[in-house]
Number of protein chains: 2
Amino acid sequence: MRENKKGKILNIAARHFSRYGYANASLEEIAAESGVTKPAIYYHFKDKSDLYEAVLTDRLSQLAWDVETVSDTADTPQVRLRRYIETFGSFLETHPCFAAILSHEFADNGTQLPESAADALANILQTLTAILNDGVEQGVFAIKNPIVIQMMIVSTLIVHQTTDKLRKRVASRIEKSFHLPPVPNIQGIARLLSHHILLAVQKEPT
Amino acid sequence: MRENKKGKILNIAARHFSRYGYANASLEEIAAESGVTKPAIYYHFKDKSDLYEAVLTDRLSQLAWDVETVSDTADTPQVRLRRYIETFGSFLETHPCFAAILSHEFADNGTQLPESAADALANILQTLTAILNDGVEQGVFAIKNPIVIQMMIVSTLIVHQTTDKLRKRVASRIEKSFHLPPVPNIQGIARLLSHHILLAVQKEPT
DNA sequence: TTTTCCTTACTTAACGATCAGTAAGTATAG
DNA sequence: CTATACTTACTGATCGTTAAGTAAGGAAAA
């Protein structure tokens, strides 16, 4: 046990899976960057999908724990929803690879997503569903279909985090007559997002 | 002079690029499914990226035209915003491959997106930016950063459209105690989304 | 009318590169 | 001596791409 080569492989693999997606991440490159050879990966992991699952469950179980512990207080649905969104944002900030990996899974319709990761994802979304349902039952939220709100929150944060270069590239083509304020970091986005989401789900004073 | 072979290749290619992304779509499979051989593709298109660009610009210029013509009326920003969102939804309905292709580009941070597609994308977003800016100037919208609203609209529609199987897979793991209403089609989602977005950007009567 | 020829629209066959995965050998620590 | 933690060397498959050949059809020449 000279060094923690396995941990190194896991970290490098996370970066490669996030940049290239599951199919296009090369074990050869991951090995080289980790300072080992390709079969060394096969010593530590059964195959490519096993390495991928290790990378994913690591982060997903952490996120599931984060959003669950932050929201199971006795606060109002509004406060819990705001906390959920901002916790999600903080997590993306501390785990930069995670958003891009999930973004690739969105694009692939979850083709490569292992069962364990689907379980963790279900937990994460169930926590959010519970908050939204509570709000509706307490008469403070007006939501016809929680799926839409879930998508508005999760997809906005994930896609924003993964499309930094693309957004800059596209924004540079937009006429300069439009004043475009600087883009805040992901936590700033999460704060702005939670503000708009709370307005979006509020019960209208008819 | 069977001109429909080229069109056939374009259609099949769109389906393959949407399912597998640019890098993982196989010219061999596209050719086989189109009823030709691989070099036949190289007769009609310079290379793989040229075929990709043809598929993309086809759809993007159409979408740019759709959202522009629908919104340049003299209506209120609220009506124009609602129309923009629902036009976007209709477009995704009639062009099922488009959302997934864009979703792959989001995940890849636009690595494979050709210049012409970036131009069209800029036009599409500029139309939305103009609507939001008008709303702010007319005092009916309260928006700190239009990027957030753009992401809420575009990412929600795109990701929702591409994650049908994944959402079903995850939803089946959520406790049955939660009543989950049936998921409407993309146009229904667009209608619900526009309702929430209009609430989210409204100027608060404080 | 018949023959020649050129362009169009492909096909067959192969290239080098890269991929995930494996068999078999080896150095090191306890 | 033995288990751990690798390495070297390789396999078969698939990838984008290209060189070279060919069938079909219309236009020009005989």
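Every chain is numbered from 1, with letters handed out A, B, ... down the list of sequences.
Judged purely by distance below 3.5 Å, without hydrogens or angles, the side chains of A:Gln62 and A:Asp66 pair a donor atom with an acceptor atom. Defined by atom type and a distance below 3.5 Å, a donor-acceptor pair is missing between the side-chain atoms of A:Thr111 and A:Asn109.
DNA chain D is contacted by both A:Ala40 and A:Glu28; A:Ala40 maps to the nucleotide lying nearer its 5′ end (nearest heavy atom per residue).
The ring pair (Phe, Tyr, Trp, His ring centres under 6.0 Å) search around A:His16 returns A:Tyr20, not counting sequence neighbours. Under the side chain to side chain contact (heavy atoms under 4.5 Å, CB included) criterion, B:Asn11 pairs with B:Arg59, not counting sequence neighbours. Looking at residues two or more places apart in sequence or on another chain, you find a side chain to side chain contact (heavy atoms under 4.5 Å, CB included) between B:Val70 and B:Arg83, B:Thr87. For B:Tyr22, the ring pair (Phe, Tyr, Trp, His ring centres under 6.0 Å) partners at least two apart in sequence or on another chain are B:Phe17, B:Tyr52.
Between A:His44 and D:dT4 there is no side-chain polar atom (N or O) within less than 4.0 angstrom of OP1 or OP2. Within the structure, every side-chain polar atom (N or O) of B:Tyr43 is placed at least 4.0 Å from both OP1 and OP2 of C:dC10.
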Exercise answer: donor-acceptor pairs, residues 91-103 of chain A side-chain atoms, under 3.5 Å, sequence neighbours excluded:
| unit_1 | atom_1 | unit_2 | atom_2 | d |
| --- | --- | --- | --- | --- |
| A:Thr94 | OG1 | A:Ser90 | O | 2.8 |
| A:Thr94 | OG1 | A:Phe91 | O | 3.2 |
| A:His95 | ND1 | A:Phe91 | O | 3.2 |

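Of all the residues in residues 45-60 of chain A, A:Asp47, A:Lys48 reach under 4.0 Å from DNA chain C with at least one non-hydrogen atom. Within residues 29-38 of chain B, the residues that have a heavy atom under 4.0 Å from DNA chain D are, in order of number, B:Lys38.
Separating the NZ atom of A:Lys5 from the C1' atom of C:dT28 is a distance of 13 Å, rounded to the nearest angstrom. Summarising the geometry, the separation between CD1 on B:Ile9 and P on C:dA9 is reported as 11 Å, rounded to the nearest angstrom. The nearest whole Å value for the distance from the OH atom in A:Tyr42 to the C1' atom in C:dT22 is 9 Å. Taking atom CD1 of A:Ile41 as the reference point, atom P of C:dA20 lies 9 Å away to the nearest angstrom. In this entry the distance linking CG of B:Leu27 with P of C:dT11 reads 14 Å, nearest Å.
The ring-ring contact (aromatic ring centres under 6.0 Å, His included) analysis of residues 140-169 of chain A, with sequence neighbours excluded, yields no pairs. Sorted by first then second residue, the side-chain hydrogen bond (donor to acceptor under 3.5 Å, both in side chains) pairs that include residues 144-153 of chain A, not counting sequence neighbours, are A:Thr129-A:Gln150.
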